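Notes follow the structure.
For reference, positions follow the sequence shown, starting with 1. On a predicted model such as this, the values are computed, not experimentally measured, just so you know.
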Amino acid sequence: MAAATAAAHIQDRQGKRTLTEGTEPVIECRGLKRSFREAGGELTVLEGVDLTVAPGERVAIVGASGSGKTTLLQLLGGLDAPTAGEISICGRAMHRLGDGERGRLRNEAIGFVYQFHHLLPEFTAQENVAMPLLIRRVERASAMESARELLARVGLAERTHHKPGELSGGERQRAAVARALITRPRVVLADEPTGNLDGHTGEHVLDQMLALNREYGTSLVIVTHDLGIAARMDRQLELKDGRLAAA
């Protein structure tokens, strides 16, 4: 479905995105639990989390440090497995997929943006952004052209051949955003994407993410401590005592 069409299905009267009847969620999880064994016993981080994310919806998850926000994001992205509960991405139940199938689903449907850019230092910005397409075995010339176009969209047209060490912090993070969106994923999971940047630079990076969200119809799930960022999302949720509730 084209981005504009998807967005048309999920606007309410205030312009917020919301799931309507007949629209398949991008993310749906029910009864999500995650516990870790420690020397003194068992530590429960998530206790029965329920979450549904609509196509194109922007969701902020806030909460105190150590509340489990990053753990939740890792579960949603298929980077970790829950102790109990189920997660579906684009209608596909993660627990029913083998490792290879989960990897393909992540590559096709999910983009990741972290607080630190995680760009590969030996490759140029263009090569870093093209990497998810190259992993998908897209022809190199096509992947590199798509990366060049997307870097231009985030204001890095003149920096395509620079390596991460030659870019500023804001430029590296914008390249990371471009890399997350190069495959036109259904959802981007972002963990404190502006937390390592100054206020002005962070605002610019967020503006780029929201612009691409509107154009591509890609859902955003952003973990943040910044209430200003959270206020720009369609929905704000707080993770507290292992559960999600409206903030």
Side-chain angles (χ1 to χ4, degrees), residues 16-17 19 25-38 42-54 56-89 94-95 102 105-106 109-118 169 173 176-177 179-181 185-199 201-203 205-206 208-210 213 218-247:
K16 302 289 188 180
R17 292 158 179 79
L19 196 65
V26 174
I27 292 176
E28 189 169 22
C29 63
R30 293 287 176 265
L32 206 60
K33 297 184 180 182
R34 185 65 172 103
S35 299
F36 299 91
R37 292 197 176 276
E38 294 187 331
E42 188 174 77
L43 173 66
T44 298
V45 178
L46 301 177
E47 182 65 59
V49 169
D50 296 330
L51 176 65
T52 300
V53 179
E57 186 180 19
R58 303 184 297 259
V59 178
I61 298 176
V62 300
S65 295
S67 60
K69 302 185 301 297
T70 295
T71 297
L72 175 57
L73 223 56
Q74 290 174 335
L75 293 176
L76 296 180
L79 301 175
D80 189 17
T83 305
E86 296 184 356
I87 304 169
S88 292
I89 304 294
M94 296 287 273
H95 68 282
R102 277 197 300 273
L105 182 59
R106 280 196 299 268
I110 304 171
F112 297 91
V113 180
Y114 302 98
Q115 180 174 351
F116 298 97
H117 54 82
H118 294 302
Q173 199 65 337
V177 169
R179 180 184 57 190
L181 286 158
R186 297 290 303 280
V187 61
V188 167
L189 305 176
D191 192 355
E192 297 284 0
T194 64
N196 200 38
L197 305 173
D198 64 75
T201 304
E203 186 84 5
V205 169
L206 182 63
Q208 296 292 338
M209 292 181 70
L210 295 181
N213 152 261
T218 296
S219 303
L220 294 178
V221 179
I222 297 182
V223 161
T224 182
H225 285 98
D226 190 325
L227 297 182
I229 290 175
R232 297 183 65 182
M233 302 297 110
D234 298 320
R235 190 157 46 115
Q236 299 83 40
L237 301 173
E238 182 180 14
L239 185 57
K240 185 177 181 179
D241 298 327
R243 298 180 183 274
L244 277 178

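Side-chain contact between Val113 and Arg179 is absent, with no heavy atoms from C-beta onward closer than 4.5 Å. Using a 4.5 Å cut-off on side-chain heavy atoms (C-beta onward), Arg232 and Glu203 make contact. Residues Leu206 and Asp226 fail the side-chain proximity criterion, which asks for heavy atoms closer than 4.5 Å. The closest side-chain heavy-atom distance from His225 to Ser65 is below 4.5 Å. Side-chain contact between Ser35 and Thr44 is present, with heavy atoms from C-beta onward closer than 4.5 Å. Side-chain contact between Pro193 and Val177 is absent, with no heavy atoms from C-beta onward closer than 4.5 Å. Side chains of Glu238 and Gln236 form no contact here, defined as non-hydrogen atoms less than 4.5 Å apart.
Counting all heavy atoms, side chain and backbone alike, Asn213 lies closest to Arg58 at OD1-NH1, 3.1 Å. Closest non-hydrogen pair, Leu239 versus Ser67, comes out as CD2-O, 3.4 Å. Of all non-hydrogen atoms in Pro185 and Gly111, the two that sit nearest each other are CB-N, 3.7 Å. Of all heavy-atom pairs spanning Thr52 and Pro25, the tightest one is CG2-CB, 3.7 Å. The two residues Gly77 and Phe112 make their nearest non-hydrogen contact at O-CZ, 3.6 Å.
Rounding to the nearest 0.5 Å places CZ of Arg34 at 9.0 Å from CG of Leu46. Here the OG1 atom belonging to Thr70 is positioned 10.0 Å from the CD1 atom belonging to Ile61, to the nearest 0.5 angstrom. In this structure, the separation between NZ on Lys69 and CD on Glu192 is 6.5 Å, given to the nearest 0.5 Å. Note that the CG atom of Leu237 and the CZ atom of Arg243 stand 14.5 Å from one another [nearest 0.5 Å]. Here the straight-line distance linking atom CG of Leu181 with atom CE of Met209 works out to 7.0 Å at 0.5 Å rounding. The line from CG of Leu189 to CG of Leu73 is 4.5 Å long, rounded to the nearest 0.5 Å.
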**Study point:** Trace of the side-chain contact (heavy atoms from CB on, under 4.5 Å) decision for Met233 with Thr224
**Key:** CA-CA 11 Å; Met233 302 297 110; Thr224 182; over 6 Å; no
Practice item. Could you check Leu210 against Leu220 for side-chain contact (heavy atoms from CB on, under 4.5 Å), going step by step and ending with a plain yes or no? Key: CA-CA 9 Å; Leu210 295 181; Leu220 294 178; 3.8 Å; yes
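Note: His118 and Tyr114 have perpendicular aromatic rings, judged against thresholds of 30 and 60 degrees for the angle between ring planes.
Side-chain N or O atoms of Arg106 include one that pairs as donor or acceptor with a backbone N or O of Gly78 at under 3.5 Å.
Residue Cys29 is tested with Leu76, Leu244, Ile89 for a side chain to side chain contact (heavy atoms under 4.5 Å, CB included); the sole match is Leu76. No option in Asp80, Thr83, Val45 other than Asp80 meets the side chain to side chain contact (heavy atoms under 4.5 Å, CB included) test with Leu75.
Around the CG atom of Asp241, the shell of radius 6.0 Å holds no more than 12 heavy atoms that belong to other residues, nucleotides or ligands.
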